[in-house]
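What follows is a single structure, written as structure tokens, with notes after it.
Throughout, a chain's letter reflects where its sequence line sits, starting with A, and its residues are numbered from 1.
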Amino acid sequence: MVEIANAVGSGDVGVELDIAEVEADLPVPYTEYDPENYHGLYVRLVEDGPLITLYRSGKYIISGCSSFEELHETNRAFLQTLAELDIINSSIETGFTVQNVVCTGELQRSVNLNTLSIGLGLEVVEYEPEQFPGLIYRPPDFPAVLLVFANGNVVITGAADVETAEEAFNHLQTKVEGLLAD
DNA sequence: TTAACGTTTTCTTATATAGCCTGATACA
DNA sequence: TGTATCAGGCTATATAAGAAAACGTTAA
């Protein structure tokens with residue numbers, strides 16, 4: 001069982017934008033545009049809500065969502081806001097897709113990371129405790145990366161959907177039980 | 001050797017995780 | 001002044017975007 005911590009998606013409204021003008025027109029509680037620091041416009045539709053980064057090209061990224069529902073709802077509300085400002089057509093097709101999902105899971109047991117790194121195979125594992133306390137595992141059959149910690153906590157990232165993250169976690173769990181059976 | 005151009009890297013954001021380091025504060 | 005505790009920042013991972021800087025290569 002894994003839980004979504006962060007979901008990231010991207011889309012394209014298909015029109016070139018004057019970012020400074022969009023920032024001035026947006027009727028939302030939080031916007032930030034500082035081209036000296038970064039060239040993207042940051043938008044939050046609600047305080048402390050998901051972050052939308054909008055670019056001059058019309059492409060945008062939404063991050064900071066804790067569910068797919070929140071991600072798609074944020075996308076819908078953002079496009080509606082732009083449509084109300086006549087920046088885009090309300091029926092526009094943005095090709096919005098989920099790009100990355102970060103999930104957490106628990107193995108329900110402590111893990112000897114040295115033993116695990118040897119068992120999983122050094123070609124698919126990175127473990128340098130002086131540099132980072134977690135073991136980084138790249139399973140060959142799953143498009144995801146897992147960070148495994150000695151207390152059994154796991155972070156799954158790089159997957160485009162929660163099913164892939166769940167499958168990668170289950171694969172790790174099976175491996176751990178086989179390799180570290182008492 | 002220098003200029004011009006092309007390619008690569010860095011930056012920024014969100015998020016979980018845990019260990020280490022540094023700085024600030026509190027107390028003896 | 002010395003020690004203890006706490007908070008915050010850094011380390012690493014993935015991903016999108018695009019500007020800018022830092023490279024590397026080639027030609028004059």
Side-chain angles (χ1 to χ4, degrees), chain A residues 1-20 22-23 30-68 70-75 78 94-114 116-117 120 124-140 142-169 172-173 176:
Chain A
M1 182 65 184
V2 301
E3 268 183 41
I4 299 176
N6 183 28
V8 182
S10 66
D12 184 359
V13 298
V15 290
E16 285 272 327
L17 301 169
D18 182 330
I19 294 298
V22 173
E23 189 204 17
Y30 174 87
T31 61
E32 185 185 324
Y33 180 51
D34 180 8
E36 298 278 309
N37 183 47
Y38 192 63
H39 55 279
L41 165 66
Y42 297 129
V43 179
R44 286 183 210 274
L45 301 179
V46 293
E47 199 171 358
D48 296 326
L51 180 73
I52 302 160
T53 311
L54 180 63
Y55 298 93
R56 197 175 55 126
S57 63
K59 294 183 178 180
Y60 62 98
I61 302 165
I62 301 176
S63 62
C65 296
S66 54
S67 69
F68 285 98
E70 186 182 19
L71 182 61
H72 288 292
E73 174 54 30
T74 301
N75 181 49
F78 176 57
T94 65
F96 186 77
T97 50
V98 179
Q99 302 289 351
N100 183 30
V101 185
V102 181
C103 298
T104 57
E106 291 178 16
L107 293 170
Q108 312 282 2
R109 59 167 293 166
S110 59
V111 179
N112 184 319
L113 297 180
N114 283 311
L116 184 62
S117 65
L120 290 172
V124 292
V125 159
E126 286 175 42
Y127 180 47
E128 293 177 56
E130 300 85 7
Q131 198 171 5
F132 187 70
L135 177 152
I136 299 159
Y137 175 44
R138 291 183 170 81
F142 299 92
V145 176
L146 298 95
L147 284 69
V148 189
F149 298 90
N151 64 0
N153 285 340
V154 179
V155 176
I156 308 105
T157 186
D161 54 76
V162 74
E163 289 78 20
T164 301
E166 189 117 29
E167 285 171 12
F169 176 74
L172 172 72
Q173 205 161 29
V176 168

**OP:** Establish, from distance only, whether the side-chain atoms of A:T104 and A:E3 form a donor-acceptor pair under 3.5 Å.
**Re:** no

Separation of atom [atom1] in [X] from atom [atom2] in [N], rounded to whole Å:
{"X": "A:E128", "N": "B:dG19", "atom1": "CD", "atom2": "P", "result": "17 Å"}
{"X": "A:Y127", "N": "B:dA18", "atom1": "OH", "atom2": "P", "result": "13 Å"}
{"X": "A:E130", "N": "B:dC21", "atom1": "CD", "atom2": "C1'", "result": "15 Å"}

Original post:
Has the side chain of A:N153 got a donor or acceptor atom that lies under 3.5 Å from a matching backbone atom of A:E106?
Top reply: no

Subject >> Short side-chain to backbone donor-acceptor contact, A:N6 and A:G64, under 3.5 Å >> reply: yes

Original post:
Does any pair with a residue in residues 38-48 of chain A pass side-chain hydrogen bond (donor to acceptor under 3.5 Å, both in side chains), and if so which ones, sequence neighbours excluded?
Top reply: A:Y38-A:Y55

**OP:** With a 4.0 angstrom cut-off to heavy atoms of chain A, pull out the first and last contacting nucleotide of DNA chain C, in 5'-to-3' order.
**Re:** C:dT11 to C:dA19

Original post:
What residues in residues 148-167 of chain A put a non-hydrogen atom under 4.0 Å from any atom of DNA chain B?
Top reply: A:F149, A:N151, A:N153, A:V155

Original post:
Where do A:Y127 and A:L113 come nearest, in terms of heavy atoms and distance?
Top reply: CZ-CB, 3.5 Å

Original post:
Are A:R44 and B:dA14 close enough that a side-chain N or O sits under 4.0 Å from OP1 or OP2?
Top reply: yes

**OP:** Could you please name the option among B:dA16, B:dT13, B:dA14 that lies closest to any side-chain atom of A:V8?
**Re:** B:dA14

Original post:
Is A:Y60 touching bases, backbone alone, or none of the nucleic acid, heavy atoms closer than 4.0 Å?
Top reply: nothing

